[in-house]
Peer 1: 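Take this structure first; my questions come after.
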Amino acid sequence: MNYWLIKTEPRAYSIDDLAKDKKTPWTGVRNFQARNFMRDQMTVGNRVLFYHSGVERSIMGIARVSSQSQPDPTQFVRKSPYYEPRATNKIPIWYMVTFSFVKKFKKRIPLSHLKIRSGLAGMELLRRGSRLSIQPVSEKNFKVIETLESL
DNA sequence: GCCAACGTTGGC
DNA sequence: GCCAACGTTGGC
């Protein structure tokens with residue numbers, strides 16, 4: 001079982017959007033490291049921390065991977081901001097997975113709270129300058145964060 | 001709004 | 001293969 005954290009600007013797509021949609025294709029990721037995690041390591045059922053960047057800066061709840069990776073269709077859409085002229089159907093460049101809603105925390109967990117938990121030291125999200133929008137989370141850190149919800 | 005810390009592109 | 005320039009992310 002792998003665990004993950006995904007970042008999103010809530011104005012672009014929020015946990016409430018996911019709660020309403022039940023599931024959503026995670027298109028538009030244009031970073032090779034993030035792509036590789038989705039393409040090569042995410043499997044159906046993996047648990048995912050859903051993080052809002054920007055003003056809220058909090059883990060908002062939990063999602064899960066509900067489909068294996070497949071080529072991101074937006075790379076073929078000429079008018080899309082995510083258009084990728086180098087991609088072909090035979091050799092796509094960008095991939096996506098589908099995330100499904102699991103739960104929204106009763107109280108969001110702010111970044112500032114995560115920072116003062118010594119048990120989470122070394123977490124990628126807390127690394128200075130970390131911008132990776134899809135990142136692995138250790139099982140231990142995932143469980144710690146789950147317990148923080150009830151505090 | 002500022003700017004540090006990136007990741008990517010492209011000239012050489 | 002190197003690296004300057006550029007564009008972007010995202011905390012503050």
Side-chain angles (χ1 to χ4, degrees), chain A residues 2-21 23-42 46-65 69-138 140-142 144-149 151:
Chain A
N2 295 322
Y3 299 91
W4 307 94
L5 180 144
I6 60 174
K7 293 182 191 169
T8 173
E9 265 289 340
R11 279 171 304 181
Y13 196 86
S14 71
I15 192 151
D16 291 327
D17 292 325
L18 184 61
K20 177 163 55 71
D21 296 341
K23 62 178 182 175
T24 194
W26 211 247
T27 56
V29 173
R30 294 295 180 267
N31 170 284
F32 288 106
Q33 224 184 328
R35 177 203 70 178
N36 293 347
F37 284 135
M38 284 196 293
R39 188 189 59 186
D40 306 332
Q41 293 189 46
M42 278 192 180
N46 286 178
R47 299 268 140 172
V48 179
L49 299 170
F50 198 97
Y51 178 82
H52 282 182
S53 60
V55 176
E56 279 177 311
R57 271 172 278 131
S58 301
I59 296 174
M60 305 302 294
I62 294 177
R64 71 181 188 91
V65 178
S69 67
Q70 56 190 86
D72 177 344
T74 63
Q75 71 193 303
F76 304 118
V77 179
R78 208 170 280 275
K79 287 179 185 165
S80 165
Y82 302 116
Y83 180 59
E84 172 54 78
R86 297 170 296 180
T88 64
N89 281 314
K90 270 217 167 96
I91 310 177
I93 295 179
W94 303 112
Y95 286 79
M96 46 148 276
V97 298
T98 301
F99 292 122
S100 290
F101 180 75
V102 172
K103 68 185 288 195
K104 181 182 177 180
F105 291 154
K106 291 187 183 69
K107 279 175 64 181
R108 63 195 177 88
I109 305 172
L111 181 62
S112 57
H113 289 193
L114 301 173
K115 281 183 170 170
I116 58 177
R117 293 289 301 198
S118 55
L120 296 175
M123 193 181 172
E124 168 67 18
L125 183 70
L126 305 182
R127 218 192 80 238
R128 177 179 165 81
S130 166
R131 302 189 330 191
L132 196 55
S133 65
I134 293 184
Q135 47 187 262
V137 174
S138 71
K140 173 173 158 284
N141 284 350
F142 191 94
V144 167
I145 288 162
E146 271 188 313
T147 65
L148 289 182
E149 185 204 359
L151 298 184

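The chains referred to below are lettered A, B, ... by the order of the sequence lines, with proteins before strands, and numbering in each begins at 1.
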Peer 1: Apply side-chain hydrogen bond (donor to acceptor under 3.5 Å, both in side chains) to A:N46 and list each qualifying residue two or more places apart in sequence or on a separate chain.
Peer 2: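 Residues passing side-chain hydrogen bond (donor to acceptor under 3.5 Å, both in side chains) with A:N46: A:W4, A:T43.
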Peer 1: Classify the nucleic acid contact of A:R35 as base, sugar-phosphate or nothing, counting any heavy atom under 4.0 Å across all strands shown.
Peer 2: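 Answer is nothing: A:R35 stays at 4.0 Å or more from every strand.
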Peer 1: Which pairs with one or both residues in residues 90-102 of chain A pass salt bridge (charged side-chain N to carboxylate O under 4.0 Å, His left out), sequence neighbours excluded?
Peer 2: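 Counting only pairs at least two positions apart or across chains, no salt bridge (charged side-chain N to carboxylate O under 4.0 Å, His left out) contact touches residues 90-102 of chain A.
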Peer 1: Under 4.0 Å, heavy atoms only, any strand: does A:R127 hit a base, just the sugar-phosphate, or nothing?
Peer 2: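 Sugar-phosphate contact only.
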Peer 1: Along nucleotides 3-12 of chain C, 5' to 3', which nucleotides get a B, which get an S, and which get a -, given that the test is a protein heavy-atom distance under 4.0 Å?
Peer 2: ----BBBSSS
Peer 1: A:R127: what forms a salt bridge (charged side-chain N to carboxylate O under 4.0 Å, His left out) with it, not counting sequence neighbours?
Peer 2: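 For A:R127 the salt bridge (charged side-chain N to carboxylate O under 4.0 Å, His left out) partners, ignoring immediate neighbours, are A:E124.
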Peer 1: Does anything in residues 26-38 of chain A pair up under salt bridge (charged side-chain N to carboxylate O under 4.0 Å, His left out), and if so which pairs, sequence neighbours excluded?
Peer 2: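 Every pair satisfying salt bridge (charged side-chain N to carboxylate O under 4.0 Å, His left out) with a residue in residues 26-38 of chain A: A:R30-A:D72.
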Peer 1: Just list the side-chain donor-acceptor pairs under 3.5 Å for residues 91-98 of chain A, sequence neighbours left out, or say none.
Peer 2:
residue	atom	partner	partner atom	Å
A:W94	NE1	A:E84	OE1	3.2
A:T98	OG1	A:S67	OG	3.1

